[in-house]
Peer 1: 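For reference, the structure I am asking about is given below.
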Amino acid sequence: KGPLQQTDPPSIHVDELFPSGEFPEGEIQHYKDDNLWRTTSEEKRELERLQKPMYNAVRRAAEVHRQVRKYMRSILKPGMLMIDLCETLENMVRKLIKENGLEAGIAFPTGCSLNCVAAHWTPNGGDKTVLQYDDVMKLDFGTHINGYIVDSAFTVAFNPMFDPLLQASRDATNAGVKEAGIDARLCDVGAAIQEVMESYEVEINGKVFQVKSVRNLNGHGIGPYQIHFGKSVPVVKGGEQKKMEEGEFYAIETFGSTGKGYVREDLECSHYMKNFDVGHVPLRAAKAKQLLVTINNNFGTLAFCRRYLDRLGETKYLMALKNLCDAGIVEPCPPMCDVRGSYVSQSEHTILLRPTCKEVISRGDDY
Ligand SMILES: O=S(=O)(c1cccs1)N(Cc1ccc(F)cc1)Cc1ncn[nH]1
Ligand SMILES: [Mn+2]
Ligand SMILES: [Mn+2]
Ligand SMILES: [Mn+2]
């Protein structure tokens, strides 16, 4: 009988903590009144029984996410090198998930975007950035089992003056999660998010800001090995009337900002991802051809970053990577930034619209 209690620091594969092979459910929310029949429908319960392997896979990925983020919170300190922070987190995911090629591992690069940088920033090799006491860091990382991805994020700030900004995005994401459901209109989710987000104000160094919802950073559907799939989820009013559907995975994510509430691509790129819809492309340039083989073998259509290529022993790959991007085979995903001097917070959960109920897969006792 294996141990049933995780160590501190964590060292035990989560599959050994659940010998039955059954991983814990996330938070269960019932659909709005008109869909309550789903809870007891025998037809819907049968549908769910057929999905058991998928539910178990994504719950195992979520348990890893919860244990890793709990550990990271316990060691985060001003003065840490961002690269060390990311490598510690990534190695812990690899350990607890029992990394196994494309069947179990990290789903995308560890986002640790600071201050006015909202998303898609992770240090490239040699980066000397150090976490500061006055930083607002969005820790956004992904785990997966068999391509079933858990995409969840939280914000860390040591200075308590940022607390209302952090609370705004946490509250707004929870409002979005509550509004989401089978037959929920995307525009209603966006309106609910904006309503809560913009009800907050925060005082920073003597200046009072009304928190804005970053209107061009949306939530998104998630598919197997596909972090950005299907419908986008608006975070402000005026979105599409399209409805969410049974069986869909969504990342409900919101960003609160003291800046414009609008982000643009800026800074050096670190995140890259194969274009999901591009098939085999015959390449002549040897270096590009070889790099694509490395990408296919280690990431497939999962997003990766330069540090992940470095650790695989790839060198002098930037021109080849540019060639793959110019050919439309790989998409660069550069950092998304609000204006200089502004501060952005984020909160993100992965939810599953099960036939009988809504499951907040990534919910933990922390957020
Ligand atoms: O901004 S997105 O490209 C997007 C938002 C709406 C439709 S697609 N993006 C998907 C993604 C892209 C690249 C990654 F390396 C990881 C994720 C959202 C996201 N980033 C982090 N967590 N969630
Ligand atoms: Mn083991
Ligand atoms: Mn994310
Ligand atoms: Mn996301």
Side-chain angles (χ1 to χ4, degrees), residues 58 61-62 65 68-69 86 89-90 93 105-113 117-124 137-144 147-155 169-170 172-173 176-177 180 186 189-190 193 213-223 225-236 239-240 242 244 248-255 262-266 269-277 295 298-309 325 330-338 344-352 360-362 367:
V58 78
H65 199 281
V68 169
R69 76 205 195 200
C86 290
L89 186 150
E90 288 151 7
V93 171
I106 294 169
F108 54 83
T110 306
C112 50
S113 308
V117 184
H120 299 166
W121 187 87
T122 197
N124 286 325
M137 174 177 69
K138 283 71 68 184
L139 208 44
D140 189 343
F141 68 100
T143 58
H144 82 90
Y148 297 113
I149 297 169
V150 172
D151 175 5
S152 181
F154 62 100
T155 304
S169 54
R170 223 185 350 252
T173 293
V177 167
L186 295 171
V189 178
I193 287 168
S213 184
V214 179
R215 66 179 186 273
N216 62 328
L217 275 180
N218 302 321
H220 51 97
I222 304 175
Y225 295 98
Q226 194 168 1
I227 186 65
H228 170 203
F229 168 73
K231 308 178 197 87
S232 288
V233 183
V235 293
V236 293
E240 288 187 285
K242 265 188 216 167
M244 295 180 157
E248 292 182 321
F249 281 98
Y250 282 100
I252 305 293
E253 59 189 302
T254 70
F255 294 80
Y262 183 81
V263 289
R264 298 169 194 268
E265 299 180 352
D266 194 3
C269 191
S270 54
H271 290 44
Y272 302 85
M273 183 164 61
K274 264 190 85 180
N275 187 318
F276 196 84
D277 308 317
I295 293 167
N298 292 279
F299 313 112
T301 54
L302 295 175
F304 59 95
C305 62
R306 296 192 196 179
R307 286 186 294 107
Y308 296 175
L309 294 175
C325 292
V330 169
E331 285 293 311
C333 308
M336 309 296 274
C337 308
D338 201 326
V344 180
S345 69
Q346 177 197 14
S347 179
E348 177 173 30
H349 273 298
T350 292
I351 68 172
L352 172 56
V360 188
I361 302 279
S362 50
Y367 70 96

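All ligand and atom numbering here is 1-based and tracks the order in the structure.
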Peer 1: For Ala62 and Val150, work out which heavy atoms get closest and say how close.
Peer 2: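 Heavy atoms of Ala62 and Val150 come nearest at N-CG2, 3.7 Å.
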
Peer 1: Of all the N, O or S atoms in Asp151, which one sits nearest to the Mn ion (ligand 4)?
Peer 2: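 Distance check against the Mn ion (ligand 4) picks out OD2 in Asp151.
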
Peer 1: What's the shortest heavy-atom distance between Val58 and Phe249, and which atoms?
Peer 2: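 Val58 and Phe249 have their closest heavy atoms at CG2-CE2, 4.0 Å.
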
Peer 1: In the protein, what heavy atom is nearest to atom 6 (C) of ligand 1, and what distance, to one decimal place, separates them?
Peer 2: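 Going atom by atom, the protein heavy atom closest to atom 6 (C) of ligand 1 ends up being Asn218 O, 3.4 Å.
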
Peer 1: Please name the pair of heavy atoms, one in Val235 and one in Glu253, separated by the smallest distance, quoted to 0.1 Å.
Peer 2: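 Scanning both residues completely, I find the closest heavy atoms to be CG1-O, 3.4 Å.
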
Peer 1: Among the heavy atoms of Ala107, does any lie under 4.0 Å from an atom of ligand 1?
Peer 2: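 Per 4.0 Å heavy-atom rule, Ala107 does not contact ligand 1.
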
Peer 1: Among His271, His120, His228, which one has a heavy atom closest to atom 12 (C) of ligand 1?
Peer 2: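 Closest candidate by heavy-atom distance is His120.
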
Peer 1: Does a salt bridge link Arg307 with Glu90, judged by any charged N lying under 4.0 Å from a carboxylate O?
Peer 2: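 Between Glu90 and Arg307 there is a salt bridge, with a charged N closer than 4.0 Å to a carboxylate O.
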
Peer 1: Between Phe108 and His144 (judged by ring centroids, cut-off 6.0 Å), do the two rings come close enough to count as a pair?
Peer 2: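 Ring centroids of Phe108 and His144 are no less than 6.0 Å from each other.
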
Peer 1: Counting backbone and side-chain atoms alike, is an N, O or S atom of Glu348 positioned under 2.8 Å from the Mn ion (ligand 3)?
Peer 2: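 Yes.
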
Peer 1: State the atoms of ligand 1, each with its element, that fall below the 4.0 Å cut-off from a heavy-atom position in Ala303.
Peer 2: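 Answer for ligand 1: 14 (C), 15 (F).
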
Peer 1: Taking Ser213 for the side chain and Val236 for the main chain, is one N or O donor matched with an acceptor at less than 3.5 Å?
Peer 2: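 Side chain of Ser213 to backbone of Val236, a donor-acceptor pair under 3.5 Å: no, none is there.
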
Peer 1: With respect to the Mn ion (ligand 4), please indicate if His220 possesses an N, O or S atom at a distance under 2.8 Å.
Peer 2: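 Within the cut-off used here (under 2.8 Å), His220 does place an N, O or S atom near the Mn ion (ligand 4).
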
Peer 1: Could you find the nearest protein heavy atom to atom 22 (N) of ligand 1 and give me its residue, atom name and distance?
Peer 2: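 Ranked first by proximity to atom 22 (N) of ligand 1 is Asp140 OD2, 3.0 Å.
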
Peer 1: Any side-chain donor paired with an acceptor under 3.5 Å for Thr173 and Thr254?
Peer 2: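 Yes.
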
Peer 1: Run the numbers for me: atoms of ligand 1, each under 4.0 Å from some heavy atom of Pro109, listed by number.
Peer 2: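 Result: 15 (F).
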
Peer 1: Please write down residue, atom name and distance for the protein heavy atom closest to atom 17 (C) of ligand 1.
Peer 2: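 Among all protein heavy atoms, the one nearest atom 17 (C) of ligand 1 is Ile227 CG1, 3.6 Å.
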
Peer 1: Judged by non-hydrogen atoms, does Glu348 sit under 4.0 Å from ligand 1?
Peer 2: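 Yes, Glu348 has heavy atoms under 4.0 Å from ligand 1.
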
Peer 1: Using a strict cut-off of 4.0 Å, indicate which atoms of ligand 1 neighbour a heavy atom of Ser232.
Peer 2: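 Ligand 1 atoms under the 4.0 Å threshold to Ser232: 7 (C).
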
Peer 1: Which part of Glu253 is near ligand 1, with near meaning a heavy atom under 4.0 Å away: side chain, backbone, both or neither?
Peer 2: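 It is the side chain that gets close, since no backbone atom is under 4.0 Å.
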
Peer 1: Could you tell me whether a side-chain N or O of Asn216 sits under 3.5 Å from a main-chain N or O of Val263, the two making a donor and an acceptor?
Peer 2: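 Checked: pair present.
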
Peer 1: Under 4.0 Å from a heavy atom of Asp151: which atoms of ligand 1 are those, numbered in the order shown and with their elements?
Peer 2: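 Near Asp151, the atoms of ligand 1 are 22 (N), 23 (N).
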
Peer 1: Identify, by atom number and element, the atoms of ligand 1 in contact range of His220, meaning under 4.0 Å from any of its heavy atoms.
Peer 2: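 The list of qualifying atoms is 6 (C), 7 (C), 18 (C), 19 (C), 23 (N).
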
Peer 1: Can you list the atoms of ligand 1 that are under 4.0 Å from a heavy atom of Gly219?
Peer 2: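 Listed by number with element: 6 (C).
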
Peer 1: Within a reach of under 6.0 Å around CZ of Phe229, are more than 12 heavy atoms found that belong to other residues, nucleotides or ligands?
Peer 2: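 Count not over threshold, so no.
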
Peer 1: Quick one, Trp121 and Cys337 - any side-chain contact, counting heavy atoms below 4.5 Å?
Peer 2: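 They are not in contact (no side-chain heavy atoms under 4.5 Å apart), so the answer is no.
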
Peer 1: As a test of reading the structure, name the N/O/S atom of Glu253 that is nearest the Mn ion (ligand 4).
Peer 2: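 For Glu253, the N/O/S atom sitting closest to the Mn ion (ligand 4) is OE2.
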
Peer 1: Give me the atom names and distance for the closest heavy-atom approach of His349 to Ser152.
Peer 2: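 It is ND1-OG, 4.0 Å.
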
